[in-house]
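One structure is given below, encoded as structure tokens.
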Amino acid sequence: MIKNNFLAILLCTLFAVNGFAQPTEKTRIPLKHGAHRIGKRTDAEMQRWREYGLGQFIHWGVYAIPGGQWNGKTSGGAAEWFRSSGLISNEEYDNLYKQFNPTDFDAKKWAKQAKYMGAKYMIFTTKHHDGFCMWPSKYTNYTIANTPYKKDIVKQIVDAYTAEGIDVYLYFSIIDWSHPGYFSGGNINSPQIKKAYQEAGENYNPFKSKEQEKHYEDFKTFTRNQLFEILDNYPQIKGLWFDGSWDVAWVKNAPWVDKLGQELREKHPGLIIGSRFRSDEYGNRHEDANGDLIDDYDQRYERNLPNTLEETKGFDWDCVMTIPENQWGYHRDWSLTYVKTAYDLIEMAVKANSLDGNFVINFGPDGKGNMRPEEDRIAKEVGDWMKVNSSAIYGVHHSILEKQDWGCSTQKGDEIYITVFNKPMSNILKIKVPRSNTKGHVYVIENAVFISSGKPAMINDGGRDKFGSYFYSIPIPAEYQNSGEGFVIKVKLKEVPVSEKGAYQQAIT
Ligand code: FHN
């Protein structure tokens, strides 16, 4: 069955990937383990998720002790992958937890900082690929309980952030290098592995021996137990944020993983799970063979943003972003790559929201439990901006304005938030308003206000283009002309009959 459908799937996948077309009803492939819903979730929990706008990610674990350096050598790789950097032996790494004693850790302080920054949700690493558990899991000894620190870090995080009104999501890595049954059969994203998997169908076997396969069953049971343990221990959480699910051994278990997902949802009604948890039975991740989103939101945007709404395919999505190039955990040396400024991040956050996505900024605290000074500064600067301008971020969606050179716009009800990142040299902002869909009507700007000062903007009729769209020009006041920050103008549009606006002549070309 899998083999027979291979060509159809390949064609559909190609279409879906290239965004040319979605399969029609006729060509839909019957799937047992694809998306279980077409279109977005419409419940209150997911609506709340959609309105977050800004979040915080924290990667923290024993990798914070070496911080990317060992015996005078520095790894250029991601600090949280340090075990596989080649600079430390597995044995040395696997004993680091015996030194983990973050005496400076203060969850309340972090939560207050995140609150100041404006984060409405946060994602915390319960365990990363190394398998070290930041909670006292009863299914392994490789946990916080066996460090000098001893106390449950996940609990402190969940309690402190929840107390600040910030929703908590727990990151959980499917890859677990510490479990004897964990096995990697290769990345399903590799075209060779995907092709071999789809051609062999149910006969695909990544395991090299029966014994290995049997051990993987133990690993699956362990993973399942840990997930239920997390939901039991931290019932306040809103969702699980999965990672490391690209391995073909996990993918091959799609029916089991699908069932597990449903069980987790039954246990924790409203639970939010992104598209990195499971694949369909043909090895498609994120989108199933019919182009439907697997689970609740698209988790593909890691350190990159879509450019257009079309690219997002109308899915819910979030983008998780590092401050330096690709460091999630604590790395002592941030001089190796460009380090984003608060304004880089704010600009990305506004862009994400203008395309209906949430934006999440990652922090990687050190081995003692301190945020690094750069992160403190960024949290403060983002927070300062958010104090004034957050209405352009919270609870908004894409606006009816098209993307324009000055920046991005978001909308809530009939209010449009124009965030200006690129000031024109003339210091006169030109805003193009769309044509109305109502026959004989046009949109005009009813009023516009600079939200940081509350002062009305001077709106001048800027003319119209050859297709009949109106432009307005707004002089940028002196106070904004030299500021390095983006500023926001709140604009209200109204529809009027074209006769009220004045006639226009279209260009004949
Ligand atoms: O390998 C991880 C990486 O260390 C980090 O945790 C990111 C966060 O999205 N996820 C994986 C790479 O996709």
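We count ligands from 1, going down the list as the structure has it; atoms in each ligand are counted the same way. The structure presented is a predicted model; accordingly, all values stated were derived computationally and were not measured.
- A salt bridge does not link Lys252 to Glu213: none of the charged nitrogens lies less than 4.0 Å from a carboxylate oxygen.
- Atoms of ligand 1 found under 4.0 Å from any heavy atom of Trp81, numbered from 1 in the order shown, are 1 (O), 2 (C), 3 (C), 4 (O).
- Residue-to-ligand polar distances place His128 within reach of ligand 1: an N/O pair is separated by less than 3.5 Å.
- Qualifying ring-ring contact (aromatic ring centres under 6.0 Å, His included) partners for Phe105, counting only residues two or more places apart in sequence or in other chains: Trp60, Trp110.
- Remark: ligand 1 atoms within the under-4.0 Å shell around heavy atoms of Asp243 are 2 (C), 5 (C), 6 (O), 7 (C), 8 (C), 10 (N), 11 (C), 13 (O).
- Salt bridge annotation for Lys259-Glu263: present, with a cationic side-chain nitrogen under 4.0 angstrom from a carboxylate oxygen.
- Annotation: side chain to side chain contact (heavy atoms under 4.5 Å, CB included) contacts of His33 (sequence neighbours excluded): Pro255, Asp258, Arg278, Glu281.
- Applying the 6.0 Å contact sphere to NZ of Lys109 captures no more than 12 heavy atoms from other residues, nucleotides or ligands.
- Contacts with ligand 1 closer than 4.0 Å are made by side-chain heavy atoms of Arg276 only, the backbone lying farther away.
- In terms of polar-atom proximity, Glu80 is counted as a contact of ligand 1, with an N or O under 3.5 Å from an N or O of the ligand.
- Residue contact check: His129 has heavy atoms under 4.0 Å from atoms 1 (O), 2 (C) of ligand 1.
- The contact set between ligand 1 and His59, taken as ligand atoms under 4.0 Å from a residue heavy atom, comprises 5 (C), 6 (O), 8 (C).
- The aromatic ring centres of Phe100 and Tyr97 sit 6.0 Å or more apart.
- Polar contact with ligand 1: absent for Trp241 (N/O pair, distance under 3.5 Å).
- From the protein, the heavy atom lying nearest to atom 12 (C) of ligand 1 is Glu302 OE2, 3.3 Å.
- Taking 4.0 Å as the cut-off between side-chain N and carboxylate O, Lys214 and Glu217 do not count as a salt-bridged pair.
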